[in-house]
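Following: one structure in structure tokens, then a few remarks.
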Amino acid sequence: MEKEEKNAKKDSKKIKDLSASYKDGSNKPLTTNQGLKVNDTNNSLKSGERGSTLLEDFLLREKINNFDHERIPERIVHARGSAAHGYFELYDSIEEYTKAGIFTDTKRKTPVFVRFSTVAGSKGSPDLARDVRGFAVKFYTEEGTWDLVGNNMPIFFIQDAMKFPDLIHSVKPEPNKEIPQAASAHDTFYDFVSLTTETLHNHIWAMSDRAIPRSYRMMEGFGIHTFRLINKEGKSHFVKFHWKPKLGVHSVTWDEAVKINGADSDFHRRDLWDAIEAGEYPEWELGLQIIPQEDEHKFDFDLLDATKLIPEEMVPVKIVGKMTLNKNPENFFAETEQVAFLPGHIVPGIDFSNDPLLQGRLFSYRDTQLSRLGSVNFHQIPINRPVVNTHNNQRDGHMQMDIPKGQTAYFPNSLGGGCPYLSKIAEGGFDSYEERIDAKKIRTRSESFSDHFSQPALFYRSLASWEKNHVANAYTFELGKCMHKHIQQRMLWLIQQIDEDLAKKVSDGLGIDIPDDIERPINQAIGADADVDKHQPGPKKIYLDSSPALSQANTKFDSVATRQIAALVADGFNMDAFKPVKELLEKEGAMVKLIAPTGGTVLCNHDTEHEVDASIMTTESVLYDAVYVAGGEESVEKLLKNSKYIKFINEAFKHCKAIAADKEGEKLIDTSYVKEYKDDQAVFINKKPKAFRDAIAKHRNWDRMEVTDSIPV
Ligand code: HDD
């Protein structure tokens with residue numbers, strides 16, 4: 001895409017709105033907050049050169065005072081995150097289902113701000129924690145702001161918002177010792193999970209590769225809850241929202257994740273930032289699963305139960321539009337930290353369902369912003385303000401930024417001409433869906449929510465064998481970190497209810513037998529007076545053998561765009577063979593990085609200097625998708641002197657990545673474990689660049705997993 005065209009796209013209505021708040025200090029004098037020009041910001045005002053500091057020093061006080069109050073409370077969950085601006089475009093109107101302008105007007109380019117996050121860790125925790133990822137989208141629509149606050153997994157851990165504090169307290173660091181950080185592998189989490197069987201579905205997803213994505217740009221997103229779409233006639237359809245990444249869904253291995261956290265704990269944050277700066281804009285298509293209102297009870301599970309997904313094979317995902325992220329924030333705090341997402345922000349044409357998890361969220365998010373951002377006026381912060389005008393009689397509060405005019409702040413009024421006036425529904429006024437309700441007021445859980453094993457089992461059955469191995473390893477690792485045997489046993493028994501083979505593998509790994517039975521009640525997520533038997537998880541059902549859409553083996557493998565390729569080079573490397581590889585990969589958007597023994601420049605065999613991207617001392621194999629060892633006698637001799645290159649190749653091999661070498665480069669390969677596996681499908685010695693390219697597009701050679709355990713790196 002031409003640069004000019006790209007820049008034009010960044011000029012959305014929201015970016016124009018935000019630019020009114022941008023502050024640029026270049027070529028400007030330093031001033032106080034009051035605009036007073038300052039001529040010394042290095043020394044405080046003192047009584048003599050060596051005397052005490054004077055209280056009078058308002059410059060010192062303003063500077064220190066501001067600094068003392070720079071921090072705000074981090075988000076109670078999803079504290080660690082990164083965000084970007086972009087836009088959403090609709091392919092075709094779906095007015096038969098909804099009257100929402102964003103879904104009916106194909107000419108619109110709706111600005112969005114999207115924040116990705118981990119859930120459990122603090123603000124400074126590493127990106128590659130095994131965790132669910134938040135996927136929160138703020139649409140600045142012409143009818144007001146719509147927030148779709150989702151995750152990268154299509155289901156949630158619990159069914160009722162009442163359980164959220166328990167879930168989060170169990171996964172967060174344990175309260176007595178504040179350990180572990182950003183990790184679910186500890187006793188309190190598994191104590192809770194094993195006593196709350198509704199968690200098992202989301203939990204098995206968290207044990208899968210979905211919990212360690214290669215990039216935010218390579219994750220799916222889900223609205224999770226069943227929502228409603230409402231058309232002009234007021235007719236309702238149920239809907240589930242899906243984001244499908246154009247680059248496919250890809251993950252790293254657990255061994256890699258652990259090492260990435262050490263090598264670059266900002267790996268996902270940096271990846272998102274760099275891709276956007278490079279003009280490789282991340283894209284997702286938006287898909288809808290639409291369910292006619294009449295079909296509400298047609299499924300083997302309850303549509304209001306957020307621990308269930310609707311398999312795509314049962315209700316296809318209808319692709320309706322595309323989201324592109326094309327601009328990084330100007331300021332992390334002002335935008336990414338202060339953005340406030342509220343599931344309660346909806347627009348006409350979209351409405352809630354009675355999902356009890358969603359209903360509770362409608363309270364929590366507004367409430368949390370008050371302690372996090374400090375004022376009911378958080379909607380006036382530039383990143384949060386809608387692109388349409390707002391007028392109402394809400395007034396005052398901390399940090400009021402608007403100056404409401406006029407004598408009246410109440411409705412109805414005649415002194416203010418009846419303004420701001422009410423809109424008719426036909427003129428865009430919001431109207432809640434009129435649902436008939438005839439029920440007892442009751443504190444309970446519907447029996448239709450009590451199937452806790454069928455969908456985790458469906459998920460596991462749908463995975464490829466390498467994915468299944470990853471899941472088994474993850475359970476074994478996590479439970480291996482639990483100190484209490486009864487918790488490990490309770491989990492083993494529950495895993496057995498999901499899948500016998502899986503339980504066997506985990507039991508073998510732990511060295512603990514699966515108990516014949518466990519002490520009841522296993523599902524304690526019910527009240528003391530409830531009928532315990534009625535609320536035990538129901539028997540496992542098989543309504544679908546497998547759902548291919550759930551496996552990453554069936555994602556897209558067509559592109560090498562944005563893939564990071566490490567080229568191992570030293571002075572004298574063979575540019576003639578390297579050039580076509582580099583050109584082919586870069587033409588398709590891959591990023592080929594020269595990794596040399598030192599920083600600065602490196603000479604090729606034509607004595608031309610090339611900028612080094614990273615010295616071997618500052619980088620690690622786990623930060624790349626593939627490795628190319630350049631040929632050239634002199635170069636390879638130099639590489640052979642540093643054992644880190646051998647480790648680099650061994651790790652790439654262990655992590656199932658594509659490896660290529662040109663002529664003398666084979667000598668370096670021969671010092672690594674790859675020597676034994678030269679016939680591997682993703683190892684290329686003196687082969688055509690195209691074959692290397694295709695292997696990179698395939699992400700990993702997962703078949704190699706059979707031998708990777710024997711690679712001791
Ligand atoms: Fe939540 C933040 C996603 C259930 C209470 N949640 C938060 C964020 C995401 C989600 C992506 C970060 C938003 C951002 O980037 O600022 N949460 C979910 C999903 C859920 C879910 C997909 C289930 C389907 N959440 C949930 C429940 C509750 C909360 C049931 C409380 C009853 N969530 C919060 C919160 C947070 C939050 C405490 C912390 C920071 C914030 O809201 O703004 O209110």
Side-chain angles (χ1 to χ4, degrees), residues 72-85 112-123 131-139 145 147-172 196 198-199 201-203 205-206 210-211 216 219-227 240-243 268-269 272 303-309 325 329 332-345 352-353 355-374 378-379 381 383-384 525:
I72 60 170
E74 66 174 31
R75 289 166 174 85
I76 168 71
V77 282
H78 297 266
R80 169 87 188 163
S82 293
H85 292 276
V112 298
F113 189 63
V114 182
R115 183 172 178 274
F116 305 104
S117 48
T118 52
V119 181
S122 296
K123 198 168 169 289
D131 201 351
V132 176
R133 298 298 184 286
F135 195 125
V137 183
K138 189 178 278 296
F139 297 91
T145 300
D147 290 347
L148 184 59
V149 194
N151 281 343
N152 75 329
M153 300 181 190
I155 33 68
F156 200 64
F157 286 95
I158 45 164
Q159 297 168 326
D160 192 311
M162 192 82 159
K163 296 295 306 155
F164 192 68
D166 299 302
L167 167 73
I168 300 305
H169 288 169
S170 79
V171 73
K172 282 272 183 181
T196 315
E198 71 205 56
T199 57
H201 189 200
N202 202 158
H203 183 260
W205 278 74
R210 302 274 180 153
Y216 287 141
M219 313 188 301
E220 283 182 300
F222 302 90
I224 301 183
H225 309 285
T226 299
F227 289 87
K240 290 218 185 242
F241 296 102
H242 296 243
W243 291 110
H268 283 159
R269 176 175 289 183
L272 180 67
L303 289 188
L304 302 185
D305 173 357
T307 68
K308 303 296 179 297
L309 54 82
L325 299 184
F332 187 90
F333 180 84
E335 298 170 77
T336 309
E337 196 59 15
Q338 292 201 106
V339 66
F341 292 93
L342 280 76
H345 288 167
F352 314 116
S353 71
D355 172 343
L357 191 71
L358 174 58
Q359 295 281 320
R361 291 180 78 194
L362 299 180
F363 164 72
S364 180
Y365 288 70
R366 195 180 160 74
D367 187 44
T368 205
Q369 310 312 340
L370 301 184
S371 64
R372 204 169 71 78
L373 300 171
F378 68 84
H379 62 278
I381 296 173
I383 192 67
N384 292 328

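Counting starts at 1 for both ligands and their atoms, in listed order.
A donor-acceptor contact shorter than 3.5 Å links the side chain of R361 to the backbone of V149. The main-chain N or O of M153 is never found under 3.5 Å from a side-chain atom of N151 such that the two would form a donor-acceptor pair. Distance alone, capped at 3.5 Å, places no donor-acceptor pair between the T226 side chain and the L304 backbone. The closest donor-acceptor contact from the side chain of R133 to the backbone of D131 lies under 3.5 Å.
The protein heavy atom nearest to atom 24 (C) of ligand 1 is H225 NE2, 3.4 Å. Looking only at protein heavy atoms, the nearest one to atom 16 (O) of ligand 1 is R75 NE, 2.7 Å. Scanning all protein heavy atoms for the shortest distance to atom 35 (C) of ligand 1 gives S364 OG, 3.9 Å. If you check which protein heavy atom lies closest to atom 10 (C) of ligand 1, you get H78 NE2, 3.2 Å. Among all protein heavy atoms, the one lying closest to atom 42 (O) of ligand 1 is Y365 CD2, 3.3 Å.
Taking the ring centroids of F222 and F135, they lie at or beyond the 6.0 Å cut-off.
Shown in contact with I76 at under 4.0 Å from a heavy atom are these atoms of ligand 1, numbered in order with element: 38 (C), 39 (C). Contact atoms of ligand 1 toward L357: 23 (C), 24 (C), 30 (C) (distance under 4.0 Å to a heavy atom of the residue). Contact atoms of ligand 1 toward F341: 13 (C), 14 (C), 15 (O), 16 (O) (distance under 4.0 Å to a heavy atom of the residue).
The shortest N or O to N or O distance between S117 and ligand 1 is not under 3.5 Å. Annotation: R115 places an N or O atom under 3.5 Å from an N or O atom of ligand 1; distance criterion only. For a threshold of 3.5 Å applied to N or O pairs, the pair formed by T368 and ligand 1 contains no separation below that value. The shortest N or O to N or O distance between Q369 and ligand 1 is below 3.5 Å.
The closest approach between G150 and ligand 1 falls below 4.0 Å for a heavy atom of the residue.
Of the candidates F113, F164, F116, F164 brings a heavy atom nearest to atom 29 (C) of ligand 1. With K138, R361, K163 as candidates, the residue nearest to atom 3 (C) of ligand 1 on a non-hydrogen basis is R361.
Looking only at side-chain heavy atoms (C-beta outward), I158 and T307 stay at 4.5 Å or farther from each other.
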inquiry  = Checking E337 against R75 for the salt bridge (Lys or Arg N to Asp or Glu O under 4.0 Å) test, could you report, in this order, the C-alpha distance in whole Å, the side-chain angles of both residues, the deciding distance, and whether it holds?
reply    = CA-CA 9 Å; E337 196 59 15; R75 289 166 174 85; 3.7 Å; yes

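Ion pair D160/K163 not flagged as a salt bridge, since none of the NZ, NE, NH1 or NH2 atoms sits closer than 4.0 Å to an Asp/Glu carboxylate oxygen. A salt bridge does not link R372 to E74: none of the charged side-chain nitrogens sits closer than 4.0 Å to a carboxylate oxygen.
Note that K138 lies in the cation-pi zone of F341, set by a 6.0 Å cut-off to the ring centre and a 45° limit from the axis.
Residue-level proximity to ligand 1 for I224 is carried by the side chain, the only part with a heavy atom below 4.0 angstrom.
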